[in-house]
Each structure stands twice: as structure tokens, then as C-alpha cells.
Number of protein chains: 2
Amino acid sequence: MAAPRLLLVEDDPALAELLEFRFRNEGYQVQVTPDGDEALLLAAEEAPDLVVLDWMIEGTSGIEVCRRLRKTKATAHVPILMLTARGAEDDKIRGLETGADDYLTKPFSPRELLARVGAILRRIRPALAGEMLTVGDLTLDATAHKVTRRSQVVALGPTEFRLLRHFMEHPGRVFSRNQLLDAVWGNESEIELRTVDVHIRRLRKGIEVEGAPDPVRTVRSAGYALEAV
Amino acid sequence: MAAPRLLLVEDDPALAELLEFRFRNEGYQVQVTPDGDEALLLAAEEAPDLVVLDWMIEGTSGIEVCRRLRKTKATAHVPILMLTARGAEDDKIRGLETGADDYLTKPFSPRELLARVGAILRRIRPALAGEMLTVGDLTLDATAHKVTRRSQVVALGPTEFRLLRHFMEHPGRVFSRNQLLDAVWGNESEIELRTVDVHIRRLRKGIEVEGAPDPVRTVRSAGYALEAV
DNA sequence: GCCAATTGTCACGCAACTGTCACACAAGGG
DNA sequence: CCCTTGTGTGACAGTTGCGTGACAATTGGC
């Protein structure tokens with residue numbers, strides 16, 4: 001399956017950056033926002049697997065974010081882990097009553113947070129471990145037949161999917177059209193060489209997202225390669 | 001067997017609503033009342049499998065409800081889990097003496113409560129705590145042969161049930177028609193591949209409820225997968 | 001035995017995908 | 001600069017794969 005996707009709601013820039021870094025290193029896809037209202041939007045649009053929510057944030061308060069996440073249909077089931085200040089027992093109580101699934105008291109170690117997040121995700125989605133390929137901002141889950149670019153799912157046809165998988169299994173390497181025909185279409189196919197071009201184009205079109213450069217490199221008179229961007 | 005039935009006695013509306021929501025999501029049937037006397041009536045009439053009882057409720061006090069539940073023949077053996085305020089050791093002791101089976105100190109996480117309830121049911125009535133699978137808004141009770149979507153029971157034929165169970169045991173994963181035939185029909189079946197399509201359709205039709213998207217994903221030229229929605 | 005539910009197949013139609021082409025465009029050599 | 005070679009692009013018809021409704025055969029309860 002695709003990498004677990006987190007939404008981190010944290011308005012301390014230093015802490016946010018640190019956590020984002022650690023999470024990414026663990027293979028999560030992370031979105032960060034300091035703002036409660038934006039968090040609600042992101043949660044509804046991106047459907048993250050888990051929300052890490054700081055209690056004290058600007059804009060809409062943590063408790064209100066929590067409540068509204070639960071009330072919105074699209075986000076009603078998202079697990080919420082909240083971060084509270086030390087000793088704020090009241091907040092803790094209200095947080096759990098509002099629907100948070102777990103809490104962590106500051107100061108906490110990133111390691112502990114990672115452990116909690118892992119525990120919650122394992123409980124909610126036991127099948128979070130499929131064979132995953134990652135090249136740059138591209139993620140391909142062979143088991144779930146899903147491709148993700150910059151955290152958003154992209155749609156590919158069957159041939160484009162096989163093509164991309166082959167590229168991702170050998171990132172950076174240049175393949176000639178003949179090699180691609182062998183690998184993707186099968187050894188004894190009688191396909192026109194130029195047909196590869198067309199599918200390369202369809203692949204490019206399929207994985208293009210706003211503001212992301214084309215990771216497919218054309219090597220004139222040699223073939224194509226996938227670059228990590 | 002039917003889904004486990006809970007009676008929740010809680011007079012804080014917010015907490016009551018939250019817990020009811022969570023319990024239903026786990027496939028329980030829940031009745032809620034803020035009032036002790038009404039709780040006694042409901043317990044006698046509905047014969048729930050377990051009572052979750054807040055200590056501090058309006059009307060008859062928690063301890064009195066507990067005592068009278070035990071005195072009434074119909075409800076003498078119903079397991080009781082009580083919710084106490086932090087540090088009220090006295091209540092805890094008196095509660096257990098009065099016949100409660102377990103207690104939980106506020107603040108508690110909904111997860112913790114769910115875990116306790118599951119534990120009690122497994123201990124008191126092993127048959128009641130069937131293996132439950134949850135994927136998105138779908139809940140499947142293997143032992144009761146019951147499937148719930150968004151808290152409402154849906155009807156499936158035997159084949160559709162096995163099909164759904166197999167999907168729910170591997171959420172997100174794509175299965176080819178052949179794999180599904182092996183897993184759901186048995187290894188040496190001589191069934192047409194396309195027959196799978198028809199049962200997929202029947203499964204889709206079976207689990208469709210108003211306003212909920214289709215969780216069964218078609219992966220062209222590959223097979224089908226169940227998505228957590 | 002009878003009725004209702006379930007099951008496996010099939011044929012049809014639509015939507016998505018595929019391979020190919022013609023042409024436009026870019027890159028490099030002389 | 002022109003010419004050759006190689007690649008991008010849009011369109012198009014043929015093919016494939018899937019959804020759907022219908023139907024007869026089978027099963028299982030009463």
C-alpha cells in the first residue's frame with residue numbers, strides 16, 4: 001500500500017520542521033500546517049491516515065478542530081493524536097472526550113511520538129506493509145496497484161503502470177525502445193518502436209501534477225530514463 | 001450471533017454521543033440513556049450484553065443502579081463497566097463491591113474503553129466477542145455472519161460474505177480473478193473467471209448505502225480491491 | 001414437495017485502452 | 001543556414017475489459 005499519510009498541525013515552526021523531517025525519514029508522507037482551519041480543509045481533501053494535532057494552535061483551537069474533524073463525514077474516522085502541554089489535565093480530558101484517540105504530553109521525544117503513531121496505524125490498518133517503490137516524489141505500490149505523486153494519487157492505464165514500475169525498479173537507467181518493449185510488452189511482441197513514445201507521453205501526462213517537473217528524461221537516439229526529482 | 005449489545009448510561013451529552021459513535025463504528029448495538037431509572041428499565045427489557053455505567057449520573061446514583069441491576073433477576077449477571085472520576089478511590093471500591101466487573105478512571109481514551117469492553121465480553125461471554133474486521137466504514141463479524149456499513153446492517157449472500165471477508169482481511173490489496181477464485185471458491189474450482197465479476201457486482205449492490213461511495217475498486221486488467229473509505 | 005434464495009453463465013453495450021499514423025517541432029551535423 | 005534525424009503531439013479506429021440485466025439450474029428451509 002501507499003506510504004502512510006500524516007497531517008501535522010503544529011504552529012511552532014521549529015518543532016514542525018523537526019517532526020516533519022523525522023516522519024519523512026520513516027517513510028511517511030507528511031503535510032504540515034500551523035493553522036486549524038487549513039487543517040480541516042487538508043484533512044477533508046487529502047484524507048490522511050492520521051492527524052497529529054497540537055492543542056495550542058493559532059486560528060481555530062485544537063479542541064474545535066478535533067470536534068469538527070469528527071463531525072465531518074469525510075474525516076470522522078481519522079485517528080487523532082494530540083499534543084498537550086504538560087499538566088494541562090483539563091485539556092487532556094476534553095480532548096479525549098472530543099474524540100482524540102491518543103495524546104502525548106510535551107515535552108516528548110520524537111521517538112516516542114513515532115512509536116505511538118506506528119502503534120495507532122498498525123491497529124487501524126494492519127495491511128500497511130506492501131511492496132513499495134519510491135523514486136523522488138513518486139511512490140508505487142505494486143500490491144495495491146496505486147501510484148502516488150507528491151502525496152496525491154494519480155491514475156495510470158495498465159501499460160503506463162507497468163512502464164512506470166519498470167522504470168522505478170531501475171531508477172536513472174536509460175532503456176532503449178527495444179528494451180522497453182521486451183520488459184513491458186513481452187519478449188516476442190511485434191509492436192512498432194514508436195509506440196513506446198506514445199506510451200511515454202501518456203505516462204508523462206498521467207503523472208504530471210501542478211508544479212512538479214517531468215521526471216522522465218529523453219535521451220536522444222538512446223531511449224528514456226526515470227530521474228529522481 | 002448478533003452484534004454485542006451495549007447499554008450506555010451517561011449524562012454528559014457530548015461524551016455520550018462520542019462513545020455511542022465509536023461503539024457503533026466497532027459494530028456494537030448501543031442504547032444510551034442519561035437516567036438511572038430508565039437504565040434499569042432498559043436493562044430489564046433489552047437484556048444488553050454489557051452495561052457501561054457512569055458513576056455520576058442524575059436521578060438514581062450509579063451505585064444504586066449497580067446494586068439494583070444485580071438484585072433484579074433478569075439483569076443479575078449482566079457485566080457492568082463503570083466510569084469513575086479521577087481519584088475517587090472510594091467509589092471504585094464500593095463499585096466493585098456492589099458488583100461492577102471493571103472500572104475505568106476518567107480521563108480515558110475511547111480506545112481504552114473499547115479495549116476493556118472487548119476484554120470483558122471475551123471473558124464473560126466468549127461467544128459474544130467474535131472476530132470483528134473493520135475497514136473504513138465497513139464492519140464484519142465473522143462469527144455472527146453479519147456485516148455493518150455506517151452502523152446499519154446489510155444483507156449479503158454466502159458467497160458475497162466470503163468475498164468481502166477475504167477483501168477485509170487484506171484491505172487495499174488488489175486480487176486477480178484467479179486469486180479470488182482460489183481464496184473464495186476453493187483451489188480446484190472450475191468456475192468461469194467472469195463469474196467473479198458478477199459476484200463483485202452483487203457485493204457492491206449488497207453493501208451500498210445512501211451517500212456512501214463504493215469501496216470496491218476495479219483495477220482494469222488486474223482485478224479488484226477493497227478501499228478504506 | 002414447494003417456494004424462495006442463491007449460484008454460475010451468457011450476451012449485450014459502453015467506456016477505456018491500445019497501436020498506429022501523419023504532422024509539427026527540436027536537435028545536431030555539415 | 002539547410003538538411004537529416006529523432007522526438008512530441010493530437011487524432012483515430014480497432015480492440016479489450018468490465019458493468020449489467022436476464023435466466024436456468026441448484027440449493028436449502030419449511
Side-chain angles (χ1 to χ4, degrees), chain A residues 144-147 153-167 174-208 212-227, chain B residues 140 145-147 153-167 174-208 212-227:
Chain A
H145 262 257
K146 268 195 173 175
V147 176
V153 176
V154 298
L156 295 179
T159 307
E160 284 70 54
F161 184 87
R162 292 198 305 275
L163 188 56
L164 178 61
R165 177 167 61 185
H166 185 252
F167 275 127
V174 177
F175 293 98
S176 71
R177 292 175 173 72
N178 271 314
Q179 289 176 312
L180 290 174
L181 281 181
D182 280 0
V184 178
W185 276 260
N187 298 15
E188 73 298 314
S189 68
E190 312 226 341
I191 307 287
E192 277 292 315
L193 279 184
R194 291 299 313 277
T195 300
V196 175
D197 299 25
V198 179
H199 282 277
I200 288 284
R201 179 176 163 274
R202 288 172 181 157
L203 173 59
R204 279 177 166 145
K205 193 146 206 163
I207 62 177
E208 78 181 358
D214 179 12
V216 180
R217 179 165 58 106
T218 303
V219 183
R220 189 182 173 86
S221 76
Y224 298 94
L226 180 71
E227 310 251 275
Chain B
L140 182 146
H145 259 252
K146 267 200 172 171
V147 176
V153 176
V154 298
L156 294 179
T159 307
E160 284 71 56
F161 184 85
R162 292 199 306 276
L163 187 56
L164 179 60
R165 177 167 61 184
H166 184 253
F167 275 128
V174 175
F175 293 97
S176 70
R177 292 175 174 72
N178 272 314
Q179 290 176 311
L180 291 174
L181 282 181
D182 280 359
V184 178
W185 276 261
N187 298 16
E188 71 309 306
S189 67
E190 308 237 336
I191 307 288
E192 276 293 315
L193 280 184
R194 291 298 311 276
T195 299
V196 175
D197 299 26
V198 180
H199 283 276
I200 288 283
R201 178 175 165 275
R202 288 171 181 158
L203 172 59
R204 279 179 166 143
K205 194 144 207 164
I207 61 176
E208 78 179 359
D214 178 11
V216 180
R217 178 166 63 108
T218 302
V219 181
R220 179 176 250 257
S221 78
Y224 298 94
L226 180 71
E227 305 262 274

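Reminder, nothing fancy here: chain letters follow the sequence lines and each chain counts from 1.
- No engagement by B:F161 is indicated, since no non-hydrogen atom pair under 4.0 Å with the nucleic acid exists.
- The distance from atom CG of B:D182 to atom CD1 of B:I191, rounded to the nearest 0.5 Å, is 11.5 Å.
- No engagement by A:V196 is indicated, since no non-hydrogen atom pair under 4.0 Å with the nucleic acid exists.
- Neither side chain, A:R162 nor B:S221, offers a donor N or O lying under 3.5 Å from an acceptor on the other.
- Two residues, A:G157 and A:V198, neighbour DNA chain C, and the one matched to the more 5' nucleotide by heavy-atom proximity is A:G157.
- The 5' end of DNA chain D is approached more closely, in terms of each residue's nearest nucleotide, by B:R220 than by the other of B:R220 and B:R201.
- Looking at the side chain of B:D197, the nearest of the listed nucleotides C:dT18, D:dC18, D:dG21 is D:dC18.
- Annotation: of the two residues near DNA chain D, B:R202 and A:V219, the 5′-most nearest-nucleotide partner is A:V219.
- With respect to B:Y224, the side-chain hydrogen bond (donor to acceptor under 3.5 Å, both in side chains) criterion is satisfied by exactly one of B:Q179, B:R217, B:R204, B:R177: B:R177.
- Between the P atom of C:dC17 and the NE2 atom of A:H145 lies a distance of 14 Å, rounded to the nearest Å.
- What separates NE2 of B:H199 from P of C:dC10 is a distance of 13 Å, to the nearest Å.
- Rounded to an integer number of Å, the gap from CZ of B:R217 to C1' of D:dC18 is 15 Å.
- Of the listed nucleotides (D:dG8, D:dG6, C:dC10), D:dG6 has the atom at the smallest distance from the side chain of A:S221.
- Under 4.0 Å is where a charged nitrogen must lie from a carboxylate oxygen, and between B:E160 and B:R202 no such pair does.
- We find that CG of B:L193 is positioned 12 Å from P of C:dC10, with the value rounded to whole Å.
- A:T218 contributes atom OG1, which lies 13.0 Å from atom CZ of A:R201 (distance to the nearest 0.5 angstrom).
- Nearest nucleotide to the B:T159 side chain, out of D:dG8, C:dT7, C:dC17: C:dT7.
- Ring geometry, B:H145 versus B:F161: the interplanar angle falls under 30°, so the pair is classed parallel (tilted spans 30 to 60°).
- Contact between the side-chain N/O atoms of A:W185 and the OP1/OP2 oxygens of C:dG19 is found at a separation under 4.0 Å.
- The distance from atom CG of A:L203 to atom P of C:dC17 is 14 Å, rounded to the nearest whole Å.
- At the phosphate of D:dC18, OP1 or OP2 sits under 4.0 Å from a side-chain N or O atom of B:R177.
- Across all strands shown, B:T195 has heavy atoms under 4.0 Å from base atoms, whether or not it also approaches the sugar-phosphate.
- In terms of phosphate contacts, A:T218 brings no side-chain nitrogen or oxygen within less than 4.0 Å of OP1 or OP2 of D:dT7.
- If you measure from atom NZ of B:K205 to atom C1' of D:dG21, you get 9 Å, rounded to the nearest angstrom.
- Side-chain N/O atoms of A:Y224 include none lying less than 4.0 angstrom from OP1 or OP2 on D:dG6.
- To the nearest angstrom, P of D:dG17 lies 14 Å from CD of B:E192.
- For A:R194 and D:dG6, a side-chain-to-base donor-acceptor distance below 3.5 Å is absent, hydrogens and geometry of angles not being considered.
- Distance, B:L163 CG to C:dT7 P: 11 Å, rounded to whole Å.
- Checking the phosphate oxygens (OP1, OP2) of D:dG19, a side-chain nitrogen or oxygen of B:R204 falls inside 4.0 Å.
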